[in-house]
Q: 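Got a structure for you, written out below as structure tokens; questions coming shortly.
Naming convention: chains lettered A, B, ... in sequence-line order (proteins, then strands); numbering from 1 in each chain. Hydrogens, waters and symmetry mates are skipped; everything else that's a heavy atom, side chains included, is used.
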There are 4 protein chains.
Amino acid sequence: METEVTDINHPRQRRKEARPSEIVEAALILFHQKGYSATKLDDIAHAAGVTKGTVYLYFSNKEALFKAAISEAIHPNLDKIEELASNSTESATTRLRTAITSWATALNECKGSISKLMISEAGNFPELTDFYIETVVKRSRLLLAKLIQAGVDSGEFRPTDPDLLARVLFSPILLTSIWQHTYARQDPITYELNQLAQFHLDIVLHGIAIAPEHTL
Amino acid sequence: METEVTDINHPRQRRKEARPSEIVEAALILFHQKGYSATKLDDIAHAAGVTKGTVYLYFSNKEALFKAAISEAIHPNLDKIEELASNSTESATTRLRTAITSWATALNECKGSISKLMISEAGNFPELTDFYIETVVKRSRLLLAKLIQAGVDSGEFRPTDPDLLARVLFSPILLTSIWQHTYARQDPITYELNQLAQFHLDIVLHGIAIAPEHTL
Amino acid sequence: METEVTDINHPRQRRKEARPSEIVEAALILFHQKGYSATKLDDIAHAAGVTKGTVYLYFSNKEALFKAAISEAIHPNLDKIEELASNSTESATTRLRTAITSWATALNECKGSISKLMISEAGNFPELTDFYIETVVKRSRLLLAKLIQAGVDSGEFRPTDPDLLARVLFSPILLTSIWQHTYARQDPITYELNQLAQFHLDIVLHGIAIAPEHTL
Amino acid sequence: METEVTDINHPRQRRKEARPSEIVEAALILFHQKGYSATKLDDIAHAAGVTKGTVYLYFSNKEALFKAAISEAIHPNLDKIEELASNSTESATTRLRTAITSWATALNECKGSISKLMISEAGNFPELTDFYIETVVKRSRLLLAKLIQAGVDSGEFRPTDPDLLARVLFSPILLTSIWQHTYARQDPITYELNQLAQFHLDIVLHGIAIAPEHTL
DNA sequence: GATGAATGAGTGTTCATTCAT
DNA sequence: TATGAATGAACACTCATTCAT
């Protein structure tokens, strides 16, 4: 009983160990909405339900908080990349479709669009950008390129530049995800991200031209 | 460092009428590199070869300068959109290819990649974003969608969702353009933007699957 | 220079609740000495023993601080006006003398000579001036006019224009008070403010009194 | 004819020699309305129909212009003081009334209320203030005091402190003049300045006169 | 651990002053 | 003589960071 009272008097102390991640979450949302510079530590603290001083208890400065926010948001994605690379019993087409679906889902969850933040702040955080490009971007692209190459090797796809195609396949999902997070108000998108991804994949796989040369 | 090499003797009235656009250009580059908030007026002034006070002779404040920079960079693009819509004697396929090429070229010149700036700052400049979405984004997408619909109507393309396909077709060029301007150092791209665009268009037109139904 | 001698060890939280009024006091003195525009926030902060940032903890901007300073200095005077209006058992002559003495004393303490500041800045702060004229100037004049009218009604004074006489009676005290605060160095006044007020009142009373000794 | 055309093309050159005084006049009005610091040289120049550069052709800086404005406005008053001192054939009472009337008239003309400006800026311009106090204030007061003393000597007035009475007699006219120029909008005055002056003088004369009608 | 009052370096903005024309 | 584009020092205001409690 006595300890319960303490909890009621200090609601802030409900879950001490959750503090840092609460701050990180609040920070991520605000950084995403307003950009790094335009986001005030006061706002972050307020959004996280603490005071400015508390933020400094867990993060040595604003930049460290930013990096922590980006890193934390990146990690779950990294695991997913590994996952996708492993299940290799299926056909290349199937695995490609699974991979794309998986990415579309991941990006759909808000936490996803680190992409936008990184685009905005890359110039101001070179080392963080290096880390992001190496661990997220290049690995994802390489994974996709390998799946494509596997399809070519297995005779499922016509010979093509796997790297180029990987870039092409990623673009609509990534850009649309960024778009949604950026222009939701001005240009709301009626399509599901995954719907768009499948649409694109279908077209890429089959093309749209009613090509006479193919029927010959 | 100094971009001003000529007329070093008459720094005061070097080229009166060129001032505003010189400032706008310098501003655009810096806003693009560092974002709006992180760009100091001192930096812009210095990059434009003037002092802070001079900037205020032509722009009432930082926000006005930002808007002017965006607007000025947008205008040439608007004209190009009109141009593309007009030449309607060709086949849909040809016009589509021309449009894509034209866009790739425009984005490559990069006088903007306003796209990146708008993504970064949309949240902080709602009215400007409204203007951008209406005059640039939606018009471009609509133009592309119309070309696609024309191809469907003329029997060149299989029936498809023109709006979805327009989004899909734009994405790789736009995202890659943004990418180049953002991650040039960390992830330099070896492809020409136009090369990528044509590669994508080819695939979209023909598909990559060695589809049994086509050969039948 | 430093007005803060006590508690030198704990400059941070010396006396939280005293801060705003300390700042207001320092501000009032400086505004009075140099005028609004010529007074720098740095000076105010320094005079109050804090830094600029601290001033902004309590006042949203310079104008707000100015208004707060004026308002705070006005309030004690408002109470005095009410007080004077109440004690109505005495003769009009006595009450008039009491009122004048009271005003002379109040103006001498000078926590304001807000009068001078208001004269200087009226043009730049219209709403504040409205407030001052209504709550201080007009009320004071009306009170004095009523006392005079009471004297006329009771047969103590000869019929006269109470409003005009109120203005006339106030002028020497008010102007001299302003004078002292303004030209102390160039034109030091050897008279007590109250001495001058009584001197004037004697002459005016002689002038308007239906003096029994004269009729003898 | 030919020369006329030139005049039309350069309306600014109508009367070159009048420039400085036009500037001074504009400056005086603006300084009076907004105070010294709050008045921008741009505003003065614009009000005078010239550009900022032209102001610097005639005045070395803002302070010099301020001093010139004050001085120019003071000079006609100085002459009037001398004038009043001279015609000594009349009775003290008459000369006192003439002097007061003359001052009320002088202060009524807008150019008069240097008083307000000096009150506002005395702290920031000590030497100018010295000059003003010596040449205007003290001389005027001394003149008035002498007139009063003459009246006492001639038996027109009861013995009194001439300096004190001089201060008292000046106050209502001076303060009301300042008042009019300051609070015209908030507290418009229905009385003529001279009316008020005469009203006060009547009362004071009644108060100090060795009035034959009273002794009867 | 948590607070929030206080700090002060930094930045947008203004404006008196200069000077080439 | 007059201009007005350009300057740069000065100032209001902000905000990341600190620290006594």
Side-chain angles (χ1 to χ4, degrees), chain A residues 10 12-13 16-17 19 37-45 49-65, chain B residues 7 9-17 19-20 37-45 49-65, chain C residues 7 9-17 19-20 37-45 49-65, chain D residues 10 12-13 16-17 19 37-45 49-65:
Chain A
H10 305 289
R12 297 267 170 72
Q13 296 182 359
K16 263 183 234 192
E17 70 291 342
R19 268 278 170 285
S37 300
T39 299
K40 300 174 215 165
L41 266 175
D42 255 329
D43 295 344
I44 295 174
V50 297
T51 56
K52 242 184 328 186
T54 307
V55 176
Y56 280 87
L57 234 47
Y58 298 104
F59 306 93
S60 56
N61 53 34
K62 195 184 178 184
E63 193 169 335
L65 175 55
Chain B
D7 267 322
N9 302 334
H10 307 294
R12 279 283 164 101
Q13 296 194 352
R14 240 167 332 177
R15 27 194 163 131
K16 230 182 295 197
E17 70 292 340
R19 275 278 173 280
S37 301
T39 300
K40 300 174 224 166
L41 264 171
D42 258 330
D43 295 342
I44 295 173
V50 297
T51 55
K52 235 183 332 181
T54 305
V55 176
Y56 281 88
L57 277 181
Y58 300 102
F59 305 94
S60 54
N61 53 36
K62 195 184 178 184
E63 191 170 338
L65 175 56
Chain C
D7 266 322
N9 303 333
H10 307 295
R12 280 282 164 102
Q13 296 196 352
R14 243 166 330 177
R15 26 194 163 130
K16 231 182 296 198
E17 68 293 338
R19 275 278 173 281
S37 300
T39 299
K40 300 174 224 167
L41 263 171
D42 259 328
D43 294 344
I44 295 174
V50 296
T51 56
K52 231 185 333 185
T54 305
V55 176
Y56 282 89
L57 278 180
Y58 300 103
F59 304 94
S60 54
N61 52 35
K62 195 183 177 184
E63 191 170 338
L65 174 56
Chain D
H10 306 289
R12 297 267 171 71
Q13 294 180 3
K16 266 182 230 189
E17 70 292 341
R19 269 279 171 287
S37 299
T39 300
K40 301 172 214 168
L41 265 176
D42 255 329
D43 294 344
I44 295 173
V50 297
T51 56
K52 242 184 328 184
T54 306
V55 176
Y56 279 87
L57 232 50
Y58 299 104
F59 305 94
S60 56
N61 54 33
K62 194 183 179 185
E63 194 169 336
L65 174 55

Q: Tell me every residue that passes side chain to side chain contact (heavy atoms under 4.5 Å, CB included) with C/Asp42, counting only those two or more places apart in sequence or in another chain.
A: C/Lys52
Q: What closest approach, in Å, do B/Arg19 and B/Val50 show between heavy atoms, and which atom pair accounts for it?
A: NE-CG1, 3.3 Å
Q: Between C/Leu65 and C/Leu41, is any pair of side-chain heavy atoms under 4.5 Å apart?
A: yes
Q: Which nucleotides of nucleotides 8-13 of chain E have their base under 4.0 Å from a protein heavy atom (B), which only their sugar-phosphate (S), and which neither (-), written as one string 5' to 3'?
A: B-BSBB
Q: Expressed in angstrom and rounded to an integer, what is the separation of C/Ile44 atom CD1 from F/dC13 atom P?
A: 10 Å
Q: Rounded to the nearest angstrom, tell me the gap between atom CZ in A/Phe59 and atom C1' in F/dA16.
A: 16 Å
Q: Give the minimum heavy-atom separation between D/Ala45 and D/Thr51, together with the two atoms involved.
A: CB-C, 3.6 Å
Q: Can you measure B/Leu57 atom CG to F/dT3 atom P for me and round it to whole angstrom units?
A: 17 Å
Q: What would the secondary structure line of DNA chain F be in dot-bracket form, counting Watson-Crick and G-U wobble pairs under 3.5 Å, with [ ] for pairs that cross earlier ones and | for pairs with another strand?
A: .||||||||||||||||||||
Q: Expressed as a whole number of angstroms, how long is the span from D/Asp43:CG to E/dC15:P?
A: 8 Å
Q: Report yes if a side-chain nitrogen or oxygen of D/Tyr58 is closer than 4.0 Å to either non-bridging phosphate oxygen (OP1 or OP2) of F/dT1; otherwise report no.
A: no
Q: Over all heavy atoms of both residues, which pair between B/Pro20 and B/Tyr58 is shortest? Give the atoms and the distance, please.
A: CG-CD2, 3.6 Å
